[in-house]
2 protein chains.
Amino acid sequence: MDPEWNDNQPIYRQIRDRVVAMILDDLLKEGDPLPSVRNVATESRVNPLTVLKAYQELADDGLVEKRRGLGMFVSPGAKGQLLAGERRKFLDEQWPQIRATIQRLGLAAELLGKEG
Amino acid sequence: MDPEWNDNQPIYRQIRDRVVAMILDDLLKEGDPLPSVRNVATESRVNPLTVLKAYQELADDGLVEKRRGLGMFVSPGAKGQLLAGERRKFLDEQWPQIRATIQRLGLAAELLGKEG
DNA sequence: GTTGGTGTTATACTTATCTATAACACTAGG
DNA sequence: CCTAGTGTTATAGATAAGTATAACACCAAC
């Protein structure tokens with residue numbers, strides 16, 4: 001594996017986003033256990049603390065639940081919460097900039113369809 | 001001014017991107033002087049070294065030319081170079097992830113047009 | 001109780017980013 | 001020469017991100 005890291009973003013945020021993507025893609029259903037901190041750390045050749053930091057953010061957002069000695073599990077309602085929250089975050093914070101970049105590069109017709 | 005900074009990205013990169021945007025939008029034409037390091041630093045309430053780092057990247061990429069004692073000026077061919085380079089970078093590195101996010105959030109129809 | 005799987009915490013170090021302050025080097029204009 | 005505008009460099013410190021090691025705490029199964 002070792003899906004190379006993107007230098008534009010801290011690793012712990014990329015791990016966090018990867019889990020979010022797995023939940024939205026139904027690769028992780030509600031109640032499923034997350035890949036363990038140690039496993040992710042070993043397979044991605046990253047420090048366990050870095051993984052923990054990513055998972056901690058997920059727990060703080062109420063997306064996963066920790067059960068000491070057992071692991072971390074996708075919370076009930078996680079996917080719904082994500083669809084709402086991530087949508088708003090994406091539309092408010094990221095899309096306007098992305099759209100501006102697309103216009104600037106003259107890629108609107110190609111990427112967004114004729115009417116943009 | 002003081003266009004607040006985005007925490008997702010280092011300031012020096014945001015300054016760099018701002019200049020790139022100005023060139024692409026024809027707010028800075030080839031041969032025009034860039035806002036001076038000291039000016040940007042003062043108005044944006046940022047350290048001169050941070051601005052210098054952004055400008056240094058632009059110079060390393062051949063987009064601007066330094067004339068000691070005078071300032072920094074947009075290189076001839078800068079816009080064309082940007083349209084090519086930034087397009088490739090955007091299409092190769094950013095757009096695939098952005099597109100995946102859009103699909104994941106079920107925003108394809110809304111943002112990309114019916115056929116996506 | 002022991003083992004092996006979880007998450008958790010502590011210490012110490014490296015690196016990148018950003019800041020604060022000051023000084024240096026070059027150029028045009030008086 | 002002097003001044004005021006450029007870019008440039010040096011030193012030092014603050015904070016965040018990531019690493020390396022090690023140890024601790026909890027739970028299930030043998």
Side-chain angles (χ1 to χ4, degrees), chain A residues 1-19 22-23 28-75 78, chain B residues 1-19 22-23 28-75 78:
Chain A
M1 279 306 135
D2 200 46
E4 272 105 34
W5 302 113
N6 185 345
D7 271 354
N8 300 334
Q9 199 86 355
I11 293 179
Y12 76 91
R13 194 168 296 271
Q14 295 180 52
I15 295 176
R16 184 260 184 201
D17 288 344
R18 202 199 296 170
V19 175
M22 286 197 288
I23 294 176
L28 281 178
K29 297 191 174 57
E30 304 177 358
D32 282 358
L34 269 62
S36 85
V37 170
R38 284 179 169 82
N39 257 333
V40 175
T42 303
E43 291 179 8
S44 296
R45 286 185 245 150
V46 160
N47 195 284
L49 287 180
T50 305
V51 182
L52 186 64
K53 187 166 183 176
Y55 280 19
Q56 186 60 51
E57 265 198 8
L58 291 166
D60 289 346
D61 291 345
L63 294 170
V64 308
E65 288 170 357
K66 305 177 171 191
R67 293 189 223 157
R68 192 158 182 149
L70 292 178
M72 306 182 70
F73 301 81
V74 180
S75 303
Chain B
M1 278 304 136
D2 199 44
E4 272 105 33
W5 302 113
N6 187 345
D7 270 354
N8 301 334
Q9 200 87 354
I11 292 178
Y12 77 92
R13 193 168 296 274
Q14 295 179 53
I15 294 175
R16 184 258 183 204
D17 288 345
R18 203 199 295 169
V19 175
M22 285 196 290
I23 294 176
L28 280 177
K29 296 190 174 55
E30 304 177 359
D32 282 357
L34 269 62
S36 86
V37 171
R38 285 179 169 83
N39 256 333
V40 175
T42 304
E43 291 180 8
S44 295
R45 286 183 246 152
V46 160
N47 195 283
L49 287 180
T50 305
V51 181
L52 185 64
K53 186 165 186 178
Y55 280 19
Q56 187 60 52
E57 265 196 8
L58 292 166
D60 289 345
D61 291 346
L63 294 169
V64 308
E65 286 170 358
K66 305 177 172 190
R67 293 189 224 156
R68 192 156 180 153
L70 291 178
M72 307 182 72
F73 301 81
V74 180
S75 302

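Residue numbers begin at 1 in each chain, while the letters A, B, ... track the order of the sequences. Values below: every heavy atom of this structure, side chains too, minus hydrogens, waters and symmetry copies.
- Counting heavy atoms from C-beta on, the side chains of B:Arg16 and B:Asp61 come closer than 4.5 Å.
- Scanning atom types as modelled, no donor and acceptor separated by under 3.5 angstrom connect the side chain of A:Arg68 and the base of C:dT8.
- Applying the 4.0 Å criterion to OP1 and OP2 of D:dG18, one finds that A:Tyr12 has every side-chain N and O outside that range.
- For B:Leu49, whose side chain is taken as the heavy atoms from C-beta onward, the closest listed nucleotide among C:dT11, C:dA20, C:dG7 is C:dA20.
- Side-chain contact between B:Gln14 and B:Ser44 is absent, with no heavy-atom pair separated by less than 4.5 Å.
- One finds no side-chain N or O of B:Lys66 lying less than 4.0 angstrom from the OP1 or OP2 phosphate oxygen of D:dT6.
- In terms of phosphate contacts, B:Thr50 brings no side-chain nitrogen or oxygen within less than 4.0 Å of OP1 or OP2 of C:dC18.
- Across all strands, B:Arg67 comes closer than 4.0 Å to no nucleic acid atom at all (heavy-atom distances).
- Residues B:Ile15 and B:Tyr55 are in side-chain contact: their nearest non-hydrogen atoms beyond the backbone lie under 4.5 Å apart.
- Close to C:dT6, at under 4.0 Å from its OP1 or OP2, lies a side-chain N or O of A:Asn39.
- For the pair B:Lys66/B:Gln56, a side-chain contact is recorded, criterion being any heavy-atom separation below 4.5 Å from C-beta on.
- Closest to the A:Ser36 side chain, of the nucleotides C:dT6, D:dT19, C:dC24, is C:dT6.
- Under 3.5 Å, the side chain of B:Arg38 and the base of D:dG7 form at least one donor-acceptor pair of N or O atoms.
- Listed pair A:Lys53 / D:dG18 fails the phosphate criterion, with no side-chain N or O lying under 4.0 Å from OP1 or OP2.
- Distance CG (B:Leu34) to P (D:dG5): 19 Å, rounded to an integer number of Å.
- Base engagement by A:Leu52 is indicated by at least one non-hydrogen atom pair under 4.0 Å involving a base atom.
- Listed nucleotides D:dA20, C:dC24, C:dT8 differ in distance to A:Asn47; the shortest reach to its side chain belongs to D:dA20.
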